[in-house]
Amino acid sequence: PLRPLQEAQRHRRAVRIVYSRTWQHGVSTRVIHPYRLVQTRRGWEVDAGPPDSAGRLRTYLLSGIRDVESLDQTFEPPEGLAAMLDAQRVTTAVRMVLPHGSRWAADMYAETVVVLSADEDDAEVELALLPPLADRVGMLLLAAGSGAFVTDPPELASAGAVLAEELLVHHGTQS
């Protein structure tokens with residue numbers, strides 16, 4: 001979907017996408033205004049509008065886009081778009097301990113990874129993470145396994161357990 005989104009962005013055309021959501025279950029269809037395409041560790045992403053009622057944009061992973069249809073509808077970028085795009089990419093620092101064999105998970109979910117200390121078993125890392133923070137930390141903890149844990153901020157320590165419970169309920173395997 002990269003080429004049609006680049007064309008739509010260049011010509012300020014709205015597009016209809018069919019999207020497999022990352023942080024929620026299911027597939028959705030929506031009309032978006034592609035404001036910016038960004039290549040990250042996760043692949044290409046599109047920061048898009050229109051802004052919601054709170055003035056926030058959405059980010060879509062191109063790997064989750066199943067279909068793109070360019071529309072005749074055009075859009076004008078909203079006032080203050082540069083600040084909105086900057087706000088879209090603001091990260092939060094999270095400190096974790098990860099077994100060395102699970103450090104790939106940090107690379108997958110974090111914008112940046114800084115190793116603070118390491119021994120023969122684990123590494124303490126500081127990660128720069130984008131929202132949704134609890135979901136992203138939960139996915140990282142589940143991917144990294146039982147030896148991984150959050151040291152700061154403490155309110156994220158249970159993010160993996162919370163996400164695991166949500167997944168169990170969703171998939172109907174909780175007794």
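Each residue takes its place number in the sequence, starting with 1.
By the criterion of side-chain heavy atoms lying less than 4.5 angstrom apart, applied directly or through intervening Ile, Leu, Val, Met, Phe, Trp or Tyr residues, V68 is grouped together with L2 in one hydrophobic cluster. One hydrophobic cluster, built from ILVMFWY side chains closer than 4.5 Å, cannot hold both L140 and V162; they sit in different ones. V97 and V150 end up in different hydrophobic clusters when Ile, Leu, Val, Met, Phe, Trp and Tyr side chains are linked at under 4.5 Å. Criterion: ILVMFWY side-chain heavy atoms under 4.5 Å apart, direct or through other members. Under it, V137 and M108 are part of a common hydrophobic cluster. Both L129 and M139 belong to a common hydrophobic cluster when Ile, Leu, Val, Met, Phe, Trp and Tyr are linked at side-chain heavy-atom distances under 4.5 angstrom.
Shown here for P34 and R13, the closest heavy-atom pair between the two residues is CD-O, 3.6 Å. Between L81 and Y35, the shortest heavy-atom contact is CD1-CD1, 3.7 Å. Closest approach of L57 and G49 over heavy atoms only: CD2-CA, 4.1 Å. R41 and T112 make their closest contact through NH2-CA, 4.0 Å (heavy atoms, listed as atom of the first residue, atom of the second, distance). Closest of all the heavy-atom pairs between M84 and P78 is SD-CG, 4.0 Å. Shortest non-hydrogen contact noted between A134 and A159 is O-CB, 3.6 Å.
For A148, the side chain to side chain contact (heavy atoms under 4.5 Å, CB included) partners are L98, P99, L141, A144, not counting sequence neighbours. Qualifying side chain to side chain contact (heavy atoms under 4.5 Å, CB included) partners for A143, counting only residues two or more places apart in sequence or in other chains: W104, A105, Y109. Every residue two or more places apart in sequence or in another chain was checked for a side chain to side chain donor-acceptor pair (under 3.5 Å) with R58, and none qualifies.
E45 and R89 are joined by a salt bridge, as a carboxylate oxygen and a charged side-chain nitrogen come within less than 4.0 angstrom of each other. Taking 4.0 Å as the cut-off between side-chain N and carboxylate O, E76 and R12 count as a salt-bridged pair. Note on R136 versus E111: no salt bridge recorded, every NZ/NE/NH1/NH2 to OD/OE distance being 4.0 Å or above.
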> Can you check side chain to side chain contact (heavy atoms under 4.5 Å, CB included) on L130 and R42, steps first, answer last?
Replying inline: CA-CA 12 Å; L130 289 168; R42 292 168 299 281; 3.7 Å; yes
> Where do V115 and R103 land on the side chain to side chain contact (heavy atoms under 4.5 Å, CB included) test, with the steps shown first?
Replying inline: CA-CA 10 Å; V115 176; R103 286 185 40 198; 3.3 Å; yes
> Yes or no on side chain to side chain contact (heavy atoms under 4.5 Å, CB included) for W44 and L37, after CA distance, side-chain angles and deciding distance?
Replying inline: CA-CA 7 Å; W44 283 95; L37 289 152; 4.1 Å; yes
>> L133 vs V94, test: side chain to side chain contact (heavy atoms under 4.5 Å, CB included). Steps then yes/no.
In response: CA-CA 9 Å; L133 197 56; V94 175; 4.1 Å; yes
Per-pair distances, 0.1 Å, donor-acceptor, side chain in residues 116-124, under 3.5 Å, sequence neighbours excluded:
unit_1, atom_1, unit_2, atom_2, d
D119, OD1, D121, N, 2.8
D119, OD1, D122, N, 2.8

For residues 59-67, tabulate all N or O donor-acceptor pairs below 3.5 Å that involve a side-chain atom, not counting sequence neighbours.
unit_1, atom_1, unit_2, atom_2, d
T59, OG1, D47, OD1, 2.6
T59, OG1, Q88, NE2, 2.8
Y60, OH, R30, NH1, 3.4
R66, NE, S20, OG, 2.6
R66, NH2, S20, OG, 3.1

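S70 places none of its side-chain heavy atoms less than 4.5 Å from the side chain of E7. Residues R95 and V114 are not in side-chain contact: their nearest non-hydrogen atoms beyond the backbone lie 4.5 Å or more apart. Here the side chains of Q73 and V31 are in contact, with some heavy-atom distance below 4.5 Å. Taking 4.5 Å as the limit, every side-chain heavy atom of T151 sits out of range of all side-chain heavy atoms of M96.
In this structure, L163 CG and S158 OG are separated by 11.0 Å, a value rounded to the nearest 0.5 Å. Once rounded to the nearest 0.5 Å, the distance linking CZ of R10 with CD of Q6 reads 6.5 Å.
With R36 contributing its side chain and L85 its backbone, the two residues share a donor-acceptor pair below 3.5 Å. Listed for the T40 side chain is a donor-acceptor partner under 3.5 Å among the backbone atoms of G43.
Counting only residues at least two apart or in different chains, salt bridge (Lys or Arg N to Asp or Glu O under 4.0 Å) contacts with residues 143-158 are absent.
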